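All values derive from a computational prediction rather than experimental measurement. Computation of the quantities below employed the complete heavy-atom set of this structure, encompassing side-chain atoms and omitting hydrogens, waters and symmetry-equivalent molecules. Below, read A as the first sequence line, B as the second, and so on, with proteins coming before strands; counting in each chain starts at 1.
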Protein chains: 2
Amino acid sequence: MPPTVKPLLQRQTVTAMVAEYIAAKIVGGEYPGGHQIRQEAIAAELGVSRIPVREALLQLEAEGLVVIRTHRGAVVSDLSADDAIDLFDARLLLEPFLVKKAIARMSNQDIVNVERALQDYEAAIARGDPKELSRLNWAFHTALLEPSMRPRSMAVLQTLYSSADRYLRLQIEPLKAQTKALQEHRDIFEAYRLRDAVETSRLLKKHVADAAEEIVSQLKRGEAAG
Amino acid sequence: MPPTVKPLLQRQTVTAMVAEYIAAKIVGGEYPGGHQIRQEAIAAELGVSRIPVREALLQLEAEGLVVIRTHRGAVVSDLSADDAIDLFDARLLLEPFLVKKAIARMSNQDIVNVERALQDYEAAIARGDPKELSRLNWAFHTALLEPSMRPRSMAVLQTLYSSADRYLRLQIEPLKAQTKALQEHRDIFEAYRLRDAVETSRLLKKHVADAAEEIVSQLKRGEAAG
DNA sequence: CAATGAAATATTGGATACGATCGTACAAGA
DNA sequence: TCTTGTACGATCGTATCCAATATTTCATTG
């Protein structure tokens, strides 16, 4: 069980900061797929040594954001339409399964947590910051699954999500998609609140599948265009 | 596509060697769950600096073998019965799904590869080296799923497997379990060879579920005993 | 002129050295 | 006796420096 209060002044390690910095560049599209990441360039940019940069890259490799080859450095991993299908199929298996387990175990406090996540997501749509929106979207999904008490599966989902994170904006940015996603989130929460495991699972599956289809079709269009 | 010929004198990086060294200690039971891994101790033991040790630990953390907390070092992650259920449930979702995809795409060469993996596994039983047996068991599973062309899902399964690897010997060591597993492997291969996706998937699911049940019950017994 | 091979350069991998952080033992006060 | 503060040692995190490897450039040769 993690501590209930998070430290006010959380001392982040430099490695973690560098990892966030690089991840933000990748997710933000500044480092496109195939881009070579030069350790020294990053180090100079941030005024740190190369070692935390290397360790950050190792973590990002575990998250699937970059690929490291010996003595050849790190390259931003490219996500093909096939990769997206791969990632989302795995999510489509795990999330509906986990949400059923979650509903079987959840307390009233868990419902409150999900509701709060939903409200945060709603509020973010008004502001319209895409990076924030992506984070809160995932926070909602995480809150749904958290009560399942499946830390290993959750960790797997986390990596699947961050691998695909870059491309979520394909689906998450258009205003129409946002209102659709919000309505789906509300529907999911409603079924969740009523502890209807089958319905929640079904809605969640469809929600993820729709997003996947949208992203894959956009990627295919992009690949066809070259 | 990886190179068809592997380099005769494969230059391994020190980090990779250290990672293998530590992983072997963990899987072999020399470092039990909860064991504190001192970077300096490992470094001195192997005559290397602490940096490759740190980076090896980062990789092992990604594989789920250790947990790293800032300024507190790495601890061998303990696998409870609940963790085992978590890991195996995820495998039970992914493997049957992937094997169907594999059968839909596989070539005759893929069937040959699986058959070879099966024969290697059979041969290893005769010799009886448990570490080798575990490796070849997984090689068989991997060969089954490889034609699915789902590298992301395969990577996920790889981490799930290595997290649970330590405890497979609970199930894999008894001679009776070995012959049972071998027969199941043969049955799976037979259905696979005939391209019967539904039957292969069913058999594979049962095969994994049986192993999971065996391990979980043994872990529970251990936990009850304290 | 194309192809091959060797030297130069750039980039990553690893070792040593230093500073920061955490856990613990122990002393002082309530 | 229990709590609180402090000093110490152990361990980790980071910077600087050196070694090994990959890539590029350029000369040489058929």
Side-chain angles (χ1 to χ4, degrees), chain A residues 1-23 25-26 31-32 34-63 65-77, chain B residues 1-23 25-26 31-32 34-62 65-78:
Chain A
M1 187 85 74
T4 51
V5 290
K6 61 174 102 176
L8 269 67
L9 218 47
Q10 52 185 357
R11 270 189 270 280
Q12 250 195 145
T13 178
V14 173
T15 296
M17 283 167 44
V18 174
E20 277 182 25
Y21 176 83
I22 299 175
K25 294 262 188 189
I26 294 175
Y31 297 160
H35 175 84
Q36 267 270 5
I37 297 181
R38 303 285 174 207
Q39 298 179 359
E40 195 149 7
I42 306 275
E45 216 167 313
L46 297 179
V48 299
S49 132
R50 268 179 36 233
I51 294 207
V53 177
R54 273 167 52 185
E55 300 192 344
L57 289 174
L58 277 173
Q59 291 181 190
L60 295 180
E61 185 185 35
E63 289 178 23
L65 288 177
V66 304
V67 175
I68 297 178
R69 285 188 305 168
T70 305
H71 282 117
R72 248 173 272 188
V75 176
V76 177
S77 62
Chain B
M1 186 84 75
T4 50
V5 290
K6 59 175 105 178
L8 269 67
L9 219 47
Q10 52 184 358
R11 269 190 277 278
Q12 244 192 149
T13 178
V14 174
T15 296
M17 283 166 45
V18 174
E20 277 182 25
Y21 176 84
I22 299 175
K25 294 264 190 187
I26 294 175
Y31 297 160
H35 178 85
Q36 267 270 4
I37 298 181
R38 306 281 175 207
Q39 296 180 1
E40 197 149 5
I42 306 278
E45 215 168 312
L46 298 178
V48 299
S49 127
R50 267 179 37 234
I51 294 206
V53 177
R54 290 169 57 83
E55 300 191 344
L57 288 173
L58 277 173
Q59 293 181 187
L60 295 180
E61 185 184 37
L65 287 177
V66 305
V67 175
I68 298 178
R69 284 188 305 168
T70 306
H71 286 292
R72 249 173 273 187
V75 175
V76 177
S77 62
D78 207 353

_From CZ of B/Arg54 over to P of D/dG13, roughly how many Å is that when rounded to an integer?_
4 Å
*Would a distance-only check, ignoring hydrogens and angles, find a side-chain to backbone donor-acceptor pair under 3.5 Å from B/Gln36 to B/Val75?*
no
*Examine distances only and state if a side-chain atom of A/Ser77 and a backbone atom of A/Val67 form a donor-acceptor pair shorter than 3.5 Å.*
no
*Taking only side-chain nitrogens and oxygens of B/Thr13, does any of them come within less than 4.0 Å of OP1 or OP2 of C/dG14?*
yes
*Verify the neighbour count for atom CD of A/Glu40: are there more than 12 heavy atoms of other residues, nucleotides or ligands below 6.0 Å?*
no
*Can you check whether B/Leu65 reaches B/Val76 side chain to side chain, under 4.5 Å on heavy atoms?*
no
*No-H, no-angle donor-acceptor pair, B/Arg50 side chain to C/dG14 base, under 3.5 Å*: no
*Using atom CG of A/Leu58 as one end and atom P of D/dT14 as the other, report the distance to the nearest whole Å.*
14 Å
*Give a yes/no on whether any side-chain N or O of B/Gln36 is located under 4.0 angstrom from OP1 or OP2 of D/dT11.*
no
_I'd like to know if A/Arg72 reaches the base of C/dG13 with its side chain, counting only an N/O donor and acceptor under 3.5 Å._
no
*What is the distance from CZ of B/Arg69 to P of C/dT21, rounded to the nearest Å?*
18 Å
*Hey, are B/Glu55 and A/Arg54 close enough for a salt bridge, meaning a charged N less than 4.0 Å from a carboxylate O?*
yes
*Please give, in whole Å, the distance from D/dT11 C1' to B/Ile68 CD1?*
14 Å
*Interatomic distance where CD belongs to A/Gln59 and P belongs to D/dG13 [whole Å]*: 11 Å
*Could you check how far CD of A/Gln39 sits from P of C/dA10, rounded to whole Å?*
17 Å
*For B/Ile37, report the nucleic acid contact type (base, sugar-phosphate, nothing); a contact means any heavy atom under 4.0 Å.*
sugar-phosphate
*Would you mind telling me which residue lines up with the more 5' stretch of DNA chain D, A/His71 or B/Ala74, judged by nearest nucleotide?*
B/Ala74
*Please tell me which of B/Arg38 and A/Ile51 maps to the more 5' nucleotide of DNA chain D, matching each residue to the nucleotide holding its nearest heavy atom.*
B/Arg38
*asked:* Check this one for me: any side-chain N or O of B/Thr15 less than 4.0 Å away from OP1 or OP2 of C/dG13?
replied: no
*Tell me: CD of B/Glu40 to P of D/dT14, nearest whole Å?*
17 Å
